[in-house]
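Both ligands and their constituent atoms are indexed starting at 1 by order of listing. Quantities reported herein were computed from a predicted structural model and do not represent experimental measurements.
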Amino acid sequence: MKIYEHYSLKALNTFGIEAQARYFCSLRTLGGLKAVMLWRREHPELPVLFLGGGSNMLFIADFPGMVVQVRLAERKVIADDQNYVYVRAGAGENWHDFVRWTIEQGYAGLENLSLIPGTVGAAPMQNIGAYGVELKDHFYELDALDWRTAELRKFSLDDCAFAYRDSHFKSVEPGRWLIGAVTFRLPKHPIWKTDYAGVSEYLADKTLDARTISDAIIAIRQSKLPDPAVIGNAGSFFKNPLVTADEFTAIKAKFPNCPAWPQDQLVKLSAGWLIDQCGWKGKRVGDAGTYDQHALVLVNHGQATGAEIWQFAQAIIASVQAKFGVILEAEPNVIGATT
Ligand SMILES: Cc1cc2nc3c(=O)[nH]c(=O)nc-3n(C[C@H](O)[C@H](O)[C@H](O)COP(=O)(O)OP(=O)(O)OC[C@H]3O[C@@H](n4cnc5c(N)ncnc54)[C@H](O)[C@@H]3O)c2cc1C
C-alpha cells in the first residue's frame with residue numbers, strides 16, 4: 001500500500017476545501033494496515049485521521065499526520081431467521097449504493113436513509129438519521145480495530161451508545177476505533193415510517209414498499225438539499241438544539257411560532273428555523289454562505305477556505321445566541337479547530 005506525502009484533500013471532502021494531509025493512504029484491505037502500523041511506529045507523535053467520503057468534515061487547516069481513507073469493500077447476507085435478515089457491509093462501501101443494494105435484494109429498513117452521502121463505516125459515527133429513522137433502528141453490531149493496540153473488537157448496539165447525531169465513537173473515544181464493517185438487522189415484516197412531514201404527502205396515493213419509499217426520499221432530498229457535486233457543503237451544519245422545558249417556555253413567550261418537539265425530558269428546537277429568524281438564509285460573506293433554500297446548510301460558493309466557513313458559522317452561532325439564548329453546536333467534524 002502506497003503512502004503519499006503532502007496529499008491534497010480537496011477532492012475528498014464535500015465542502016471542496018483545499019487542505020493537505022502530511023501523509024495519506026487508501027486502505028482497501030485489512031492487510032494494508034501493516035504498512036500504516038509501521039508508519040505509526042516511525043511517527044508516534046503524529047495524529048491519524050480516518051476518512052470516509054468526507055461529507056461530514058470541515059478542514060480548517062492542513063492535517064499534520066496520516067489521513068487513512070477507508071475503502072474496505074464487502075456486501076454479504078450473513079444470517080437469516082424468521083423475522084430478520086442480517087446483512088454485513090464493509091466500511092468503505094458507499095452508503096447510498098449499499099441501501100439501494102439491500103432494496104434490490106428485497107430487504108427493507110434502510111429506505112428512509114437513502115441518498116445520505118458518505119460511507120457505511122462513517123454512518124455509526126453520528127448515528128445518521130433522516131425522515132424519522134436512525135441507523136440505530138436497524139443496527140446489529142460492528143467490527144472495529146483499536147488503533148492503539150491493533151485489537152479487533154465487536155461492538156453491540158448498547159456498546160455504541162447511539163444518540164441523536166452521536167455515538168461512543170464520536171464523543172467518548174474519538175479517533176480510537178477504525179470501523180471495518182457494520183452488520184444490519186433488517187426486518188422481514190417492516191413497518192413503514194412515512195408519517196414525516198413531506199413524505200406522507202408525497203406517498204399519499206402510492207402502494208408502499210421499500211423501493212417506492214426510497215424513490216420518494218431521493219426525490220424529496222434532491223428538491224431540498226444542494227448537491228455537493230455542484231456546490232460544496234456538508235449537509236446540515238448545526239445539530240437541532242435541546243433545551244429544558246423552562247427554557248422553552250421563555251422562548252415560546254417571545255416567539256410563539258417557534259417549532260419544537262419533545263425529546264425525552266427536553267425540548268428539541270429547529271436549528272434551521274432559529275437561523276432563518278436571524279436573517280441568515282441565502283446570506284454570503286465572500287464565498288462562504290448559507291444555502292438559499294435551507295439556512296441550516298452552509299455552502300462553499302467556490303473558493304472559500306475552511307477557516308472562512310468556520311468564521312461564518314461562528315457569526316451564526318453568536319447571532320442565534322443573542323436572539324434566543326440558545327447555543328448551536330456544529331454537526332460536522334471540524335479538523336484543526338482551536339475553539
Ligand atoms: C448533502 C448532504 C446531506 C447530508 N444529509 C445527512 C442526513 O440526512 N443525515 C445525517 O445523519 N447526515 C447527513 N449528512 C452528513 C454525512 O453524509 C454523514 O455524516 C455521513 O455518515 C458521513 O460519511 P462520510 O463517509 O462522508 O464520513 P467522513 O466525513 O469521511 O467522516 C466523518 C467522521 O467519521 C470518521 N470516520 C469515517 N470513516 C470511519 C471509519 N471507517 N472508522 C472510524 N471512523 C471513521 C471520520 O474520522 C470523521 O470523524 C449529509 C451530508 C451532505 C453533504
Side-chain angles (χ1 to χ4, degrees), residues 9 12-17 21 26-28 30 33 47-59 63 65-74 89-99 110 112-136 142-147 155 160 162-171 173-182 196 217-218 220-222 224-240 272 291 293-294 296-300 330-335:
L9 302 171
L12 302 182
N13 71 93
T14 59
F15 258 123
I17 299 289
S26 213
L27 186 70
R28 290 169 188 272
L30 281 179
L33 277 171
V48 172
L49 176 71
F50 306 125
L51 181 70
S55 65
N56 206 19
M57 295 270 195
L58 175 65
F59 288 97
F63 190 72
M66 168 75 86
V67 171
V68 179
Q69 184 191 35
V70 183
R71 303 192 66 179
L72 303 168
E74 180 185 1
E93 294 282 346
N94 174 277
W95 172 260
H96 176 68
D97 291 350
F98 169 65
V99 169
L110 303 179
N112 291 44
L113 303 177
S114 297
L115 213 63
I116 297 181
T119 55
V120 166
M125 285 297 292
Q126 69 157 6
N127 178 31
I128 56 168
Y131 299 97
V133 174
E134 289 183 326
L135 172 119
K136 71 171 173 51
L142 65 76
D143 296 354
L145 177 119
D146 185 339
W147 189 242
F155 283 79
C160 292
F162 289 125
Y164 167 62
R165 298 297 186 272
D166 201 8
S167 72
H168 178 88
F169 310 99
K170 185 165 183 180
S171 46
E173 293 188 300
R176 175 167 176 188
W177 297 96
L178 166 64
I179 297 170
V182 184
Y196 206 86
I217 298 287
I218 291 169
I220 294 167
R221 290 183 69 99
Q222 283 174 336
K224 283 190 171 171
L225 289 168
D227 177 355
V230 178
I231 182 163
N233 75 91
S236 303
F237 196 88
F238 298 101
K239 292 185 185 182
N240 287 323
Y291 188 49
Q293 291 175 52
H294 205 328
L296 191 52
V297 180
L298 300 200
V299 293
N300 174 7
E331 187 183 304
N333 301 275
V334 182
I335 309 298

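- Ligand 1 places these atoms under 4.0 Å from at least one heavy atom of Thr119: 23 (O), 24 (P), 25 (O).
- When the options Ala122, Ser55, Gly54 are ranked by their closest heavy atom to atom 16 (C) of ligand 1, first place goes to Ser55.
- Every atom of ligand 1 is numbered from 1 in the order shown, and the set under 4.0 Å from a heavy atom of Ala234 is 51 (C), 52 (C), 53 (C).
- In this structure Lys136 satisfies the salt bridge (charged side-chain N to carboxylate O under 4.0 Å, His left out) test together with Glu134, sequence neighbours excluded.
- Listed by number with element, the atoms of ligand 1 under 4.0 Å from a non-hydrogen atom of Gly129 are 7 (C), 8 (O), 9 (N), 10 (C), 11 (O).
- Per-residue contacts place Ala130 under 4.0 angstrom from the following atoms of ligand 1 (heavy atoms of the residue considered): 8 (O).
- Considering Ile128, Leu135, Ile335, Asn233 only, the shortest heavy-atom separation from atom 21 (O) of ligand 1 involves Ile128.
- Atom numbering of ligand 1 starts at 1 in the shown order; those under 4.0 Å from a heavy atom of Gly118 are 23 (O), 24 (P), 25 (O), 26 (O).
- The option from Asn56, Ile116, Ile231, Asn333 that lies nearest to atom 13 (C) of ligand 1, judged by heavy atoms, is Ile116.
- Atoms of ligand 1 lying under 4.0 Å from at least one heavy atom of Met125, given by number and element, are 34 (O), 35 (C), 44 (N), 49 (O).
- Not one N or O of Leu178 is nearer than 3.5 Å to an N or O of ligand 1, by distance alone.
- Set against the non-hydrogen atoms of Gly52, the atoms of ligand 1 under 4.0 Å away are 25 (O), 28 (P), 30 (O), 37 (C), 38 (N).
- Between the choices Val334, Ile217, Ile179, the shortest heavy-atom distance to atom 40 (C) of ligand 1 belongs to Ile179.
- Ionic pairing of Glu331 and Arg165 is present here: one or more N-O contacts between side-chain nitrogen and carboxylate oxygen are shorter than 4.0 angstrom.
- Taking the six-membered ring for Trp, Phe50 and Trp177 have ring centres at least 6.0 Å apart.
- When the heavy-atom distances from atom 6 (C) of ligand 1 to Arg221, Gln126, Lys170, His294 are ranked, the shortest goes to Arg221.
- In this structure, atom 50 (C) of ligand 1 lies nearest to the protein heavy atom Pro117 CD, 3.7 Å.
- Checked against a 6.0 Å centroid threshold, the rings of Phe15 and Phe59 do not count as neighbours.
- Scored by the ring pair (Phe, Tyr, Trp, His ring centres under 6.0 Å) test, Tyr196 finds Tyr131 as partners (sequence neighbours excluded).
- Of all atoms in ligand 1, numbered sequentially from 1 with element shown, those under 4.0 Å from a heavy atom of Val70 are 41 (N).
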Practice item. Go through Leu30 and Leu72 one step at a time and tell me if the side chain to side chain contact (heavy atoms under 4.5 Å, CB included) criterion holds. Key: CA-CA 8 Å; Leu30 281 179; Leu72 303 168; 4.0 Å; yes

